[in-house]
Protein chains: 2
Amino acid sequence: MTALKIRSPRKPKGQGAERREEILDAALKLFSSKGLHTVSTRQIAEMVGISQPALYAYFATKDDITAELCIRAFAILVERMEAARADFRPTAECFEKALRVYVDFGLQNPDAYRVAFMVEKGLDGTYKERVGDRPMMAGIGAFQRFAEIVGEMRDAGLTHDDDVQRMTQTLWAGLHGLVSLLIARADFPWVEREVLIACHISLLRRGALKGVA
Amino acid sequence: MTALKIRSPRKPKGQGAERREEILDAALKLFSSKGLHTVSTRQIAEMVGISQPALYAYFATKDDITAELCIRAFAILVERMEAARADFRPTAECFEKALRVYVDFGLQNPDAYRVAFMVEKGLDGTYKERVGDRPMMAGIGAFQRFAEIVGEMRDAGLTHDDDVQRMTQTLWAGLHGLVSLLIARADFPWVEREVLIACHISLLRRGALKGVA
DNA sequence: CCCATCATTGATCGGTGATAAGTTATCACT
DNA sequence: AGTGATAACTTATCACCGATCAATGATGGG
């Protein structure tokens with residue numbers, strides 16, 4: 001019988017279909033500890049336990065690996081933003097809490113954050129051509145969740161700026177600056193971290209909202 | 001005569017001592033057009049008109065070239081910050097102008113800015129060991145000029161926060177976020193750039209200063 | 001005129017991302 | 001069991017990278 005045979009996945013030497021996950025895990029681990037540029041495909045392959053060319057069966061390019069990690073990082077961020085939006089009401093307190101969700105995400109997932117927002121993508125556009133703008137689309141997705149929250153604040157008449165996109169981009173930039181600097185320049189003589197974060201978020205809140213000086 | 005012979009610079013084939021400047025000029029030009037990672041020492045050498053190993057007579061490492069460019073760029077920033085401070089009076093207008101000096105500098109020297117604040121320095125510290133923190137120190141020099149301006153605003157009783165370091169770090173993070181994202185994510189669907197900058201600076205000003213809602 | 005000096009170079013090293021061709025193992029089907 | 005197709009993987013290799021080194025060649029001093 002076997003009227004219609006479903007192609008079953010083979011698992012010859014390694015764990016088969018999980019191989020791709022193993023590669024991503026190894027890559028993220030290595031990127032986190034050694035930095036993106038200093039990690040080679042051979043190192044990734046060695047950690048997975050396969051030969052270096054074997055990677056290219058799952059990813060066309062090294063950049064594709066980082067792009068995939070980037071997309072996943074954004075997915076996590078989207079998840080958290082949606083959670084934050086679930087019990088959101090347009091108040092200054094909720095607003096600050098949403099900003100903190102972003103900061104906490106970045107600081108709790110510094111590796112993912114690095115890959116998502118701090119990776120240098122060549123100016124000539126070769127990266128974009130090869131990898132497509134899927135990572136960018138994922139980023140915009142996360143951004144839009146944030147925009148929805150800002151939109152609710154605007155609708156409640158609490159924001160200084162009526163343009164949601166503009167205000168969201170500004171706030172995002174403000175948050176990203178703090179997170180990226182804390183991650184990339186951990187050895188800078190920062191003021192105590194929690195104090196700095198609270199101070200920064202307060203500043204953004206004062207700058208964004210009306211009548212909460 | 002010639003009681004004391006000054007070592008006269010030799011100019012065997014090229015222009016001698018100016019060679020170093022030529023290298024820096026070529027490197028900056030290439031970095032600007034093609035991005036930091038995709039430019040090779042051979043390309044730099046070819047543009048200067050010398051062989052690739054000849055570079056290493058002037059710079060110990062490729063990173064040293066970028067570091068030198070970075071330091072020079074920040075010298076310019078310090079210069080601009082001091083110029084901004086020269087005719088600075090503790091008003092909201094002057095304050096915004098100072099913020100804009102930083103943003104303009106970053107956008108006009110994206111490669112130097114990258115090297116100073118956005119380049120991934122392997123967490124193992126190999127980069128730092130080779131090149132030192134001279135680029136970052138140069139950046140911090142500019143940071144301190146900025147702190148002086150914030151200090152004047154505080155002394156005039158215009159800031160929300162009395163702690164100058166804390167406030168300066170917060171503002172710096174806010175500015176850095178905008179600059180670094182505009183540089184690294186140039187293809188993001190940003191609101192019109194000038195508008196976004198103005199909006200961002202206004203937000204930071206509202207968040208930092210009292211009674212200028 | 002010769003020599004010491006030093007900027008400069010071709011050759012080369014280990015390492016990189018990526019490709020091509022060949023090998024092995026598993027499958028469907030007889 | 002045997003066969004062909006194919007997926008998974010490997011070895012060998014390519015062009016290029018940053019960096020090093022012995023050799024080259026021009027220069028100025030004695």
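Letters go in sequence order (proteins before strands), and every chain restarts at 1.
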Practice problem: Indicate yes or no: at least one non-hydrogen side-chain atom of A:Leu99 is less than 4.5 angstrom from one of A:Phe146. | Solution: yes
Quiz item: Which nucleotide sits closest to the side chain of B:Ala54: C:dT9, D:dA12, D:dG18?
Solution: C:dT9
Quiz item: Within the pair B:Thr61 and D:dA19, is there a side-chain N or O less than 4.0 Å away from OP1 or OP2?
Solution: yes
Self-check item: Closest approach of A:Lys62 to A:Val39 (non-hydrogen atoms, all atoms of both residues)
Solution: NZ-O, 2.7 Å
Quiz item: Should the heavy atoms of other residues, nucleotides or ligands under 6.0 Å from CD of A:Glu46 be counted, would the total exceed 12?
Solution: no
Quiz item: Just how far, in rounded Å, is C1' of C:dT16 from NZ of A:Lys34?
Solution: 13 Å
Practice problem: Could you state the atom-to-atom distance from CZ of A:Arg19 to C1' of D:dT10 in whole Å? | Solution: 13 Å
Exercise. When you get a sec, tell me which of C:dA18, D:dT10, D:dG18 is the closest nucleotide to the side chain of A:Arg42?
Key: C:dA18
Quiz item: Taking only side-chain nitrogens and oxygens of A:Ser40, does any of them come within less than 4.0 Å of OP1 or OP2 of C:dG15?
Solution: no
Quiz prompt | Nearest-neighbour nucleotide for the A:Ser51 side chain, D:dT10, D:dG18, D:dC17 considered | solution = D:dT10
Quiz item: Atom OH of A:Tyr56 and atom P of C:dT16: how far apart are they, to the nearest Å?
Solution: 11 Å
Quiz item: Atom NZ of A:Lys62 and atom P of C:dT19: how far apart are they, to the nearest Å?
Solution: 15 Å
Exercise. Would you mind reading off the distance between A:Ile44 atom CD1 and C:dG17 atom P, rounded to a whole angstrom?
Key: 7 Å
Quiz item: Heavy atoms under 4.0 Å, any strand shown: does B:Val39 hit a base, just sugar-phosphate, or nothing?
Solution: sugar-phosphate
Self-check item: Nearest-angstrom distance from the residue atom CD1 of A:Ile50 to P of D:dA7
Solution: 17 Å
Practice problem: Would you check if B:Arg85 and B:Glu148 make a side-chain contact, meaning some heavy-atom pair closer than 4.5 Å? | Solution: yes
Self-check item: Gap between atoms CG and P, on B:Leu30 and D:dG18 respectively (whole Å)
Solution: 11 Å
Quiz item: Closer than 4.0 Å, any side-chain N/O of A:Tyr58 to the OP1 or OP2 of D:dC9?
Solution: yes
Quiz item: In whole angstroms, how far is the P atom of D:dA19 from the CD atom of B:Gln52?
Solution: 8 Å
Quiz prompt | Side chain to side chain, A:Leu175 and A:Leu204, heavy atoms closer than 4.5 Å | solution = yes
Exercise. Please determine, for the side chain of B:Pro53, which listed nucleotide (C:dT16, C:dT9, C:dA18) has the closest atom?
Key: C:dT9
